[in-house]
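Notes to accompany the following structure.
We're numbering straight along the sequence, starting at 1.
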Amino acid sequence: MKNTVLTGIKPTGRIHLGNYIGAIKPALELAKHEEPVYFVADYHGLTKIQDAKQMKELSYGIAATWLALGLDPQKSIFYRQSDVPEIFELSWILACFSSKGLMNRAHAYKAIVDQNRETGREQDDGVNMGLFTYPILMASDILLFQSDLVPVGKDQIQHVEIARDLAETFNRQFGETFKLPDYVVEEESAVLPGLDGRKMSKSYNNTIPIFEEPDKLKKLINRIKTDSTEPHEAKDPDESIVFALYREFASEDEIATMRERFETGIGWGEAKRELFDVMNLALREPRRKYKYYMENLEELDRILAEGAGKARAKVMPLLTDVKRKLGIYV
């Protein structure tokens with residue numbers, strides 16, 4: 001039997017190459033051989049985005065991105081998180097089986113607490129309850145669909161582990177109910193470098209938006225940090241941001257050729273031109289599809305509504321079983 005693979009992305013900004021390489025691309029690859037479930041995590045986004053216009057635009061943007069990059073809604077379950085109320089019902093149930101101590105140990109919460117302490121602020125300054133209980137809602141996303149595999153970046157592994165903890169807690173008390181999910185990390189591209197060499201992240205302002213127009217894309221690529229080696233000098237491709245990005249879009253033969261050129265000597269200007277060429281070619285059709293969906297929002301609404309219907313049909317039997325075991329008859 002095929003495994004159920006679940007992936008969601010929050011609408012908290014423009015999708016960049018780090019999002020694509022770290023989450024979307026691995027999820028789409030896994031889906032070729034498994035049962036895929038994809039969603040727009042708009043309720044997760046509420047921890048940061050609380051402006052109606054921005055939330056709507058970013059949510060549509062995530063949906064259009066998935067479709068532009070190859071998601072087939074006929075061969076998957078594709079929905080907007082807020083359209084599946086069963087997720088939030090299970091989230092409350094799981095919250096009642098989650099200790100506060102478990103939430104205290106969640107990385108995102110701990111990071112804010114540590115930062116507040118370092119700057120002399122009250123430890124929970126800037127922490128809303130949505131952010132604090134974020135791992136519980138994510139566990140509900142995962143467990144309600146009886147997910148087998150969850151593609152994540154290394155910084156998200158803990159969320160899958162928390163989902164397993166909550167599933168085990170419930171199963172011990174009420175018998176086997178939830179599957180225990182496993183995480184999948186694409187090791188080679190788990191941390192994609194940004195323009196300055198640090199992890200590609202909106203917080204570092206070092207990202208490359210995936211649907212950037214060609215002229216702007218070329219300018220961003222030209223900003224990529226390089227060393228001072230001369231064009232004729234050998235360069236280590238495995239230490240190069242340019243090469244790390246190139247191999248995500250080039251063919252195996254192109255990658256082998258580029259590696260050889262790095263090792264025998266290539267100018268950084270030429271390497272960046274080669275990177276632009278392969279990226280622009282690979283993203284040309286996805287860019288066109290993205291624009292189409294963003295200009296035809298009624299089609300996006302139709303696709304997401306159909307997906308929500310499939311999602312609700314899939315999860316209702318499990319939620320009914322959970323409620324019966326709790327003595328909440330339906």
Worksheet entry | Cationic N near anionic O, under 4.0 Å, Glu285 to Arg288 | yes
Discussion item. If the threshold is 4.0 Å, N to carboxylate O, is there a salt bridge linking Lys291 and Glu213?
Written reply: yes
Worksheet item: Got a second to check how far Asn280's CG is from Leu283's CG, nearest 0.5 Å?
Response: 7.5 Å
Worksheet entry | side-chain hydrogen bond (donor to acceptor under 3.5 Å, both in side chains) against Gln123, all qualifying residues, sequence neighbours excluded | Arg117
Practice prompt. Could you please spell out the steps behind the side-chain hydrogen bond (donor to acceptor under 3.5 Å, both in side chains) verdict for Asn116 and Glu122?
Written response: CA-CA 6 Å; Asn116 284 340; Glu122 196 275 326; 6.0 Å; no
Practice prompt. Establish, from distance only, whether the side-chain atoms of Asn206 and Arg223 form a donor-acceptor pair under 3.5 Å.
Written response: no
Discussion item. Any donor-acceptor pair under 3.5 Å linking the side-chain atoms of Asn222 with those of Lys218?
Written reply: no
Worksheet item: If you measure from CD1 on Ile136 to CG on Leu102, what distance do you get to the nearest 0.5 Å?
Response: 7.5 Å
Discussion item. Any salt bridge linking Glu29 with Lys25? Criterion: basic side-chain nitrogen under 4.0 Å from a carboxylate oxygen.
Written reply: no
Worksheet entry | Neighbour count above 12 (heavy atom, 6.0 Å) for Glu298 CD | yes
Discussion item. A quick test of your reading: do over 12 heavy atoms of other residues, nucleotides or ligands sit less than 6.0 Å from CD of Glu263?
Written reply: yes
Worksheet item: If you round to the nearest 0.5 Å, how far is NE2 of His44 from CE of Met138?
Response: 6.5 Å
Worksheet item: Does the pair Lys310/Glu306 count as a salt bridge with the N-to-O cut at 4.0 Å?
Response: no
Worksheet item: Are Leu58 and Thr12 close enough, and set up right, to give a side chain to side chain contact (heavy atoms under 4.5 Å, CB included), and what steps lead you there?
Response: CA-CA 7 Å; Leu58 292 175; Thr12 55; 5.6 Å; no
Item to complete: Mark yes or no for whether Arg198, through its side chain, and Gly194, through its backbone, hold a donor-acceptor pair below 3.5 Å.
Response: no
Discussion item. Is it the case that the ring center of His159 lies less than 6.0 angstrom away from the ring center of Tyr134?
Written reply: yes
Discussion item. Do Asn3 and Glu35 pair up side chain to side chain, a donor and an acceptor below 3.5 Å, judged on atom types alone?
Written reply: no
Worksheet entry | Asn205 atom CG: more than 12 heavy-atom contacts under 6.0 Å | no
Worksheet item: So, does Ser91 use its side chain to make a donor-acceptor pair with the main chain of Ser140 at under 3.5 Å?
Response: no
Worksheet item: Is Thr226 close to Lys235 at the side-chain level, that is, under 4.5 Å between some pair of heavy atoms?
Response: no
Discussion item. What verdict does the side chain to side chain contact (heavy atoms under 4.5 Å, CB included) test give for Glu86 and Arg312, after you've listed the backbone C-alpha separation in whole Å, the side-chain angles of each residue and the deciding distance to 0.1 Å?
Written reply: CA-CA 7 Å; Glu86 291 80 8; Arg312 299 190 70 186; 2.8 Å; yes
Worksheet item: Is atom OH of Tyr183 surrounded by more than 12 heavy atoms (other residues, nucleotides or ligands) closer than 6.0 Å?
Response: no
Practice prompt. Examine distances only and state if a side-chain atom of Glu233 and a backbone atom of Thr229 form a donor-acceptor pair shorter than 3.5 Å.
Written response: no
Fill in: Candidate pair Phe170 and Leu143, rule side chain to side chain contact (heavy atoms under 4.5 Å, CB included), full reasoning
CA-CA 11 Å; Phe170 192 94; Leu143 298 179; over 6 Å; no
Worksheet entry | Interatomic spacing from OH in Tyr20 to CG in Leu28 - rounded to 0.5 Å | 7.0 Å
Worksheet item: Going by atom types only, do Glu299 and Tyr292 share a side-chain donor-acceptor pair under 3.5 Å?
Response: yes
Worksheet item: For Lys325 and Thr177, what are the C-alpha separation, side-chain angles and deciding distance, and is it a side-chain hydrogen bond (donor to acceptor under 3.5 Å, both in side chains)?
Response: CA-CA 9 Å; Lys325 287 177 176 177; Thr177 306; 2.7 Å; yes
Worksheet item: Is the backbone N or O of Leu94 less than 3.5 Å from a side-chain atom of Ser98, with the two atoms forming a donor-acceptor pair by type?
Response: no
Discussion item. Please check this pair: side chain of Ser240 against backbone of Val242, looking for a donor-acceptor N/O pair closer than 3.5 Å.
Written reply: yes
Practice prompt. Kindly compute the distance separating CG (Leu220) from CE (Met279), expressed to the nearest 0.5 Å.
Written response: 9.0 Å
Discussion item. Exactly one of Ile15, Ile24, Asp42 should register a side chain to side chain contact (heavy atoms under 4.5 Å, CB included) with Ile62. Which one does?
Written reply: Ile15
Discussion item. Under 4.0 Å between a side-chain nitrogen and a carboxylate oxygen: does that hold for Lys53 and Asp51?
Written reply: no
Which pairs would a plain distance check flag for residues 64-79, meaning a side-chain donor or acceptor within less than 3.5 Å of a matching protein atom at least two apart in sequence or in another chain?
from, atom 1, to, atom 2, distance (Å)
Thr65, OG1, Gly61, O, 2.7
Asp72, OD1, Gln74, N, 2.9
Ser76, OG, Asp72, O, 2.8

Worksheet item: Rounded to the nearest 0.5 Å, what separation is found between the NZ atom of Lys179 and the CD1 atom of Ile142?
Response: 14.0 Å
Worksheet item: Going through the distances and angles, do Asp83 and Arg80 end up as a side chain to side chain contact (heavy atoms under 4.5 Å, CB included)?
Response: CA-CA 5 Å; Asp83 290 337; Arg80 187 165 34 210; 3.1 Å; yes
Item to complete: Determine the interplanar angle of the Phe262 and Phe243 rings, folded into 0 to 90°, and report it as parallel if under 30°, tilted if 30 to 60°, perpendicular if over 60°.
Response: perpendicular
Worksheet item: So do the side chains of Pro135 and Met103 get within less than 4.5 Å of each other, counting heavy atoms only?
Response: yes
Discussion item. Side chains of Ser251 and Glu254: any donor to acceptor distance under 3.5 Å?
Written reply: yes
